[in-house]
Amino acid sequence: MNSKLIYIEKLSEVEGGLPARNKHNHRDGKDHFDNYSLPVEYNLEGYLLNDEIQVNQSVVVDRIKRNGVKASGMFKTSHVIEVGDTYFKTQNSVYMYKFL
């Protein structure tokens with residue numbers, strides 16, 4: 001498996017999925033133990049650990065930056081339900097992506 005450097009930004013929540021947490025109430029790197037997804041405009045850079053973004057799989061990234069700040073960690077989405085050339089939609093969110 002070749003890891004590709006990727007930038008991902010959350011564009012919106014998905015109707016019927018978990019609602020996006022208010023950006024002001026979200027604390028990066030903390031487990032909130034609730035039923036919310038990441039805030040809209042959350043972004044990250046890191047290495048895509050999947051071979052590609054595929055329907056019925058989670059996107060898994062070895063994160064190196066979160067919201068423009070160096071922050072190592074793992075990022076994993078809910079299952080992908082749709083993939084386009086510059087976006088993917090999960091059960092909870094719509095994301096824009098580009099390879100760097």
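Computation of the quantities below employed the complete heavy-atom set of this structure, encompassing side-chain atoms and omitting hydrogens, waters and symmetry-equivalent molecules. The model shown is predicted, which means the values in this text are computed figures rather than measured ones.
- The cluster map of Ile, Leu, Val, Met, Phe, Trp and Tyr, joined by side-chain heavy atoms under 4.5 Å apart, puts I6 and L11 in different clusters.
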Please determine whether side chain to side chain contact (heavy atoms under 4.5 Å, CB included) holds for the pair I8 and M96, giving the CA-CA distance in whole Å, both sets of side-chain angles, and the decisive distance to 0.1 Å. CA-CA 6 Å; I8 297 174; M96 177 277 291; over 6 Å; no

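- With values rounded to the nearest 0.5 angstrom, K70 atom NZ is found 8.5 Å from I64 atom CD1.
- Minimum interatomic distance between E41 and N67 (heavy atoms only, all atoms of both residues): O-OD1, 4.0 Å.
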Which is it for H79 and N56 under the side chain to side chain contact (heavy atoms under 4.5 Å, CB included) test, yes or no, and what are the steps along the way? CA-CA 5 Å; H79 284 159; N56 294 324; 5.6 Å; no

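- No single ILVMFWY cluster, assembled from side-chain heavy atoms under 4.5 Å apart, contains both V94 and V59.
- Using a 4.5 Å cut-off between side-chain heavy atoms of Ile, Leu, Val, Met, Phe, Trp and Tyr, with links allowed through other members, V61 and V55 fall into the same hydrophobic cluster.
- Note that K98 lies in the cation-pi zone of Y7, set by a 6.0 Å cut-off to the ring centre and a 45° limit from the axis.
- In this structure, NZ in K10 is found 12.0 Å from CG in L44, a value given to the nearest 0.5 Å.
- Proximity of a side-chain donor or acceptor of R66 to a complementary backbone N or O of A71 within less than 3.5 Å is not detected.
- Considering Y87, Y95, Y97 in turn, Y97 is the only one that fulfils the side-chain contact (heavy atoms from CB on, under 4.5 Å) rule with I53.
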Is there a side chain to side chain contact (heavy atoms under 4.5 Å, CB included) between Q57 and N50 once you walk through the steps? CA-CA 9 Å; Q57 292 188 10; N50 311 69; 3.9 Å; yes

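- For the atom pair S93 OG and E9 CD, the distance stands at 12.5 Å (nearest 0.5 Å).
- Shortest non-hydrogen contact noted between L49 and S3 is CD2-OG, 3.8 Å.
- Connection of F99 to V83 is established within a shared hydrophobic cluster, with ILVMFWY side chains joined at heavy-atom distances below 4.5 Å, either directly or through further cluster members.
- For the atom pair NZ (K76) and OG1 (T90), the distance works out to 12.5 Å, reported to the nearest 0.5 Å.
- No donor-acceptor contact under 3.5 angstrom links the side chains of T77 and S58, judged on distance only.
- Side-chain atoms of E13 and N92, non-hydrogen and from C-beta on, never get closer than 4.5 Å to each other.
- Between S12 and V40, the shortest heavy-atom distance links the atoms CA-CG2, 4.0 Å.
- When all heavy atoms are compared, the tightest approach of D62 to M74 is CA-SD, 3.9 Å.
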